Protein chains: 2
Amino acid sequence: MEPVGADVLIVGAGPVGLFAAFQLGLFGMQCHLIDSLDRPGGQCAMLYADKPIYDVPGLPVIEAALLVEKLQEQIAPFAPGFSFGRTVVEFAADSQFRLTAHDGGFFEAPVIVVATGCGAFDPVSRVKESPLADWGIGFAEGAVPVDTEKFQTCLPGVFAIGDAAGYPGKVPLLLSGFHEAALMTQAVRKMLKPAGRAGVQYTSSSTVLRKRLGV
Amino acid sequence: MEPVGADVLIVGAGPVGLFAAFQLGLFGMQCHLIDSLDRPGGQCAMLYADKPIYDVPGLPVIEAALLVEKLQEQIAPFAPGFSFGRTVVEFAADSQFRLTAHDGGFFEAPVIVVATGCGAFDPVSRVKESPLADWGIGFAEGAVPVDTEKFQTCLPGVFAIGDAAGYPGKVPLLLSGFHEAALMTQAVRKMLKPAGRAGVQYTSSSTVLRKRLGV
């Protein structure tokens, strides 16, 4: 099989993984998301799809399933790739990173973002050993240690955001995962240097960002 | 004049200050917000009220003024106090912190959250010296240094979030200010110990939080 390639592979297509694809897309990077579930949304889709959430800023109340729909709508302009029902069983670092799925298919990219949430790669892996333990990124007690500047792990080019990320003060909230995705994106942007201006840009004022959004 | 009291005084009623009142309210703390402007919303209300924003997670597009309205709706269950058109001119630390406004009125609380955005206390203070320079919280080059665990300044009990906060990797995005508000809240919660359970709680499942939200 030919490998699936991208600028960034995002492992986990829950809300935080989806928003990472938005941020990375906004700054010119092409993403591919891999999830062991058969659909996007992670816990929001599997554990509490019909539950209302009250603490997403600017959304006084939203059902989890609708939040996932809104995030899909938000990332649509960047057309990220998706591989559902694929469990990552192997991680290797060479000139690029390579992830191998349970069915033998593989994925390659210069940057990996772990956004697996508490379920890790497999809905039942919470109670068994996480495959992340074999990656050499310091996974312990359910989390991967990261810095709070780039949300990078001890392995340069491998980032962790959302419930899988561990740092002092961490609270497993959606809104924290969104922030982590944004700061990770600025770090990846400096690594990969896609075309476009450096520095802070706003969707309300940048013509470059608005062109990418198709508005 | 009698001082205005609260558990937490939030200086700045922009989107991040408003969301801080939501988070603090959710965890049982009463807030009072002070702003030199005549209405909530900060920059969102004054500089780009009619501009669409595309990068608020879960909101593919929203006008800045509508985002401010949604945030006001979100904090309504906690009925925070507001003082508009009041510029803070003096800061003092005694058994509590005391803020004095330009008209001689004053405010007291055991916790202060600086959420002033780039406009600081006064719409024109960007080009003159910020009053924050006199607070002894390390204000320099437009920002107050904070840690990334509690978003606390060098003065215990005084926090800074949003555009006024400075730390490695800081990007002045709304979604970062929202995260900073959430982590600050957990730190303040430990300081003030309001009634209620400790530990992580979710609005989708906690009966305590849902009761506070009135749902």
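Values in this document were obtained by computation on a predicted structure and should not be read as measured data. Residue numbers start from 1 in every chain, and the chains themselves are labelled A, B, ... in the order their sequence lines are given, proteins ahead of strands.
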Winner by heavy-atom pair count (cut-off under 4.5 Å) against chain A, out of [options]:
| options | value |
| --- | --- |
| B:A181, B:P172, B:S205 | B:P172 |
| B:L67, B:I62, B:V215 | B:V215 |
| B:A76, B:P77, B:P57, B:P15 | B:P57 |
| B:P60, B:A64, B:G169 | B:P60 |
| B:L71, B:I53, B:L59 | B:L59 |

Take a 6.0 Å sphere around NZ of A:K70 and say whether it holds more than 12 heavy atoms from other residues, nucleotides or ligands.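 Incorrect, the count does not exceed 12.
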Identify the two heavy atoms, one from [X] and one from [Y], that lie closest to each other, and give their separation to 0.1 Å.
| X | Y | result |
| --- | --- | --- |
| A:A182 | B:L173 | CB-CD1, 3.9 Å |
| B:L175 | A:F178 | CD1-O, 3.7 Å |
| A:L183 | B:S176 | CD1-OG, 3.8 Å |
| B:L26 | A:D55 | CD2-CB, 4.5 Å |

Are the side chain of B:Q74 and the backbone N or O of A:Y54 linked by a donor-acceptor pair below 3.5 Å? yes
For A:Y167, is it the side chain, the backbone, both or neither that has a heavy atom under 4.5 Å from a heavy atom of chain B?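 Answer is side chain: those atoms of A:Y167 sit under 4.5 Å from chain B.
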Heavy-atom contact with chain B under 4.5 Å, split by part of A:Q23: side chain
Heavy-atom contact with chain A under 4.5 Å, split by part of B:Y202: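 Interface part for B:Y202: side chain.
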Cut-off 4.5 Å, heavy atoms of chain A, and the answer for B:K51 is side chain
